[in-house]
Amino acid sequence: MTQVVVPISNPEPRFLLERSQQARAAGADLVEIRLDQCLAEGGSPSDIIETLPSLALPAIVTLRHVRENGAWDGDESDRLAIYARADERGAAWIDRELVFHAARPWRPTRAKLILSHHDFRGPGHKLAETVSAMRSVHADMAKVAVMPRDAADLAGLRALIDGHGPVAAMAMGEIGLPSRLLAGAWGSALVFARLPGDAGSAPGQPTTDDLLGMCRLRSQGPGTRIYGVIGNPIAHSLSPLIHNIAFAHHGLDAVYVPFLVDDAAGFWDACGGWIQGLSITIPHKHALQARMDDLEPLCDLVGAMNTIYRKEGGTVGANTDADAIRRCGERAVDGDLRGRRALVLGAGGAGRAAVFALRSAGAEVLLANRTQARADDLARETGCTAVPWSSLAGTSFDLLVNMTSVGLKAPGDTPWPHQLPAAAGVFDSVYNPLETRLIREARAAGCRTVLGLDMFIDQACAQFRRWTGLEAPADAMREACIRRLSA
Ligand code: NAP
């Protein structure tokens, strides 16, 4: 079973005790005392070692050497003397790098020995041989931490855990985060997580809340089905939050994680085999169509794909944005879109989905885009009417749809600095902030409004339906987003 380790470091023993209590309350199994960092900040080795028996959790004691990104650059004999003292005073584990152990073997008498290897510059090479070397000198645990260059490198780490007996293996940085969030599913012996508000001891450590709460590490196992979202950037994505709520709501053995991906095709080729379903966001919505066994008709028509699911052994690509846009448009006009006049602002990926969705629902579509040529091209392709961005003020419509990024994280900006007719419906796809200036002004003008969050939840529920055949708990997902966005 995967054990959760909270790394702690501080020169003050009192602080270490407090932190160990917080780690236990957060659900951790172990703390790691980063003695090298404690000493670098002025702590006394003997004072810190004396706290070991009083800690609230068993401790890994680590005096990491500068050669593997630690802060200890002293003499190896001094390091072994400190380790020996920590062993005597009740350390549960001692962590020493393989390279030092190979040059000068040493074993604790009471504690167990972790032999570790870190590559902060790349995904590591010959990792299986490294782990075998650790085992051959009787390490009680082999630990490997590497820095992936792209998410495709996660495949190698997963294979290492899968095929080489108990090993603690993790990828660092934001690209490596899935290896930590999936530690239970992959079977890593340890996973390091930071307390909320702490910096952690290596880049990319998740919080205990994300690991134990959102990703339900304790329920993960070899049969856990793995889902995720690919994009770049991805850290802001609310998809892991809401899809994990949905999996937990139905008690499904499944987990959903964010993949920071540069090369989408390379990622899918390396990792697609063990992923049951994917959400796809910017800039990868055009990257994987050719790799699917089948595309849903709307996905094919729009030419953008935001969902992968599996059906009868094959992979299927879908565009759940387009359906969500149609439903949001219907809500904004309070009925059928047939014969209604919709003005779409924006001819990027979302604008394109909107034009196809609204037209296939029977609306007359007008399209405007800041860069006129993009609007002209899309209008020509779809048979809708392009309206110049500079002469929008007099345009009449039943439905205004904002598919530009204007207003995104900019509550003072609006793509529509003009009068709004009270009879119109207004749908703004931007959901951060929850209420954009466009929505505020539309409400004040008496328009029916639909929020970008409605589209986000709707497209996610449609993904969940394709993955599981079940209805997602839309209200709980929506409330979680509101809490996160209002924090
Ligand atoms: P995109 O392909 O990058 O397109 C961005 C669009 O915004 C383009 O039409 C661009 O016009 C326009 N734009 C950017 N800055 C502008 C400005 N200052 N003034 C006027 N127009 C401007 O992005 P996308 O995938 O279409 O996404 C667009 C927005 O849709 C996102 O920011 C997001 O808020 C929203 N969205 C929401 C959901 C949801 O679930 N609620 C889903 C997808 C997207 P140019 O062509 O002139 O650059």
Side-chain angles (χ1 to χ4, degrees), residues 229-234 236-239 241-243 279-287 299 302-307 318-329 331-332 343-358 365-379 382 384 386-392 400-418 426-439 449-464 472 474 477-478 481-482 484-485:
V229 55
I230 62 166
N232 189 355
I234 203 64
H236 67 285
S237 174
L238 294 173
S239 295
L241 176 73
I242 60 172
H243 282 299
S279 309
I280 302 170
T281 188
I282 294 170
H284 300 312
K285 290 192 181 179
H286 305 277
C299 175
V302 175
M305 183 171 95
N306 77 330
T307 310
N319 185 320
T320 63
D321 281 339
D323 260 345
I325 290 167
R326 177 181 53 75
R327 278 189 289 272
C328 289
R331 253 177 268 158
L343 172 56
V344 175
L345 306 177
R352 189 178 166 82
V355 170
F356 278 102
L358 299 172
V365 177
L366 309 181
L367 170 67
N369 193 57
R370 177 183 61 176
T371 307
Q372 184 66 36
R374 269 182 113 179
D376 291 340
D377 287 350
L378 184 54
T382 55
C384 70
V387 182
W389 188 259
S390 54
S391 57
L392 283 171
L400 179 68
V401 176
N402 177 34
M403 290 288 157
T404 74
S405 48
V406 180
L408 180 66
K409 295 187 185 159
D413 291 355
T414 177
W416 189 260
H418 316 292
V426 174
F427 160 37
D428 191 348
S429 70
V430 173
Y431 61 86
N432 187 6
L434 280 167
E435 259 197 32
T436 58
R437 179 176 155 196
L438 174 60
I439 291 293
T449 55
V450 174
L451 304 181
L453 186 60
D454 295 318
M455 172 182 166
F456 180 64
I457 298 295
D458 191 301
Q459 61 79 32
C461 290
Q463 295 183 320
F464 192 78
M477 289 154 73
R478 195 184 152 83
C481 289
I482 293 171
R484 179 71 64 89
L485 290 169

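Whatever order the structure lists ligands and atoms in, that order sets their numbers, starting from 1. Just so it is clear, the model here is predicted, and its values are computed rather than measured. Each residue takes its place number in the sequence, starting with 1.
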Ranked by distance from atom 12 (C) of ligand 1, the top protein heavy atom is Thr404 CB, 3.7 Å

Identify the closest protein heavy atom to atom 2 (O) of ligand 1: which residue and atom is it, and at what distance? Gly349 N, 3.0 Å

Just jot down the ligand 1 atoms closer than 4.0 angstrom to any heavy atom of [X], in number order.
X	value
Leu408	32 (O)
Val406	16 (C), 17 (C), 18 (N), 19 (N), 20 (C), 21 (N), 22 (C)
Arg374	8 (C), 45 (P), 46 (O), 48 (O)

Taking the side chain as every heavy atom from C-beta outward, state whether [X] and [Y] have any pair of such atoms under 4.5 Å apart.
X	Y	result
Asn319	Phe356	no
Thr382	Leu367	no
Phe427	Met455	yes
Leu400	Leu345	yes
Leu485	Tyr431	yes

Option whose closest heavy atom lies nearest to [atom], chosen from [options]:
atom	options	result
atom 11 (O) of ligand 1	Asn369, Thr281, Asn306	Asn369
atom 24 (P) of ligand 1	Ala368, Gly351, Ala350, Ser429	Ala350
atom 23 (O) of ligand 1	Asp413, Ile282, Leu367	Ile282
atom 13 (N) of ligand 1	Ala347, Ser405, Ala410, Gly346	Ser405

Determine whether the side chain, the backbone, both or neither of [X] has a heavy atom under 4.0 Å from any heavy atom of ligand 1.
X	answer
Thr371	both
Phe456	both
Arg352	neither

Any nitrogen or oxygen of Asp321 lying under 3.5 Å from a nitrogen or oxygen in ligand 1? Just yes or no. no

Between Gln463 and Ser239, does a side-chain contact (heavy atoms from CB on, under 4.5 Å) hold up when you go through it step by step? CA-CA 11 Å; Gln463 295 183 320; Ser239 295; 5.6 Å; no

Looking at OG of Ser405 and CG of Asn432, how far apart are the two atoms once the value is rounded to the nearest 0.5 Å? 12.5 Å

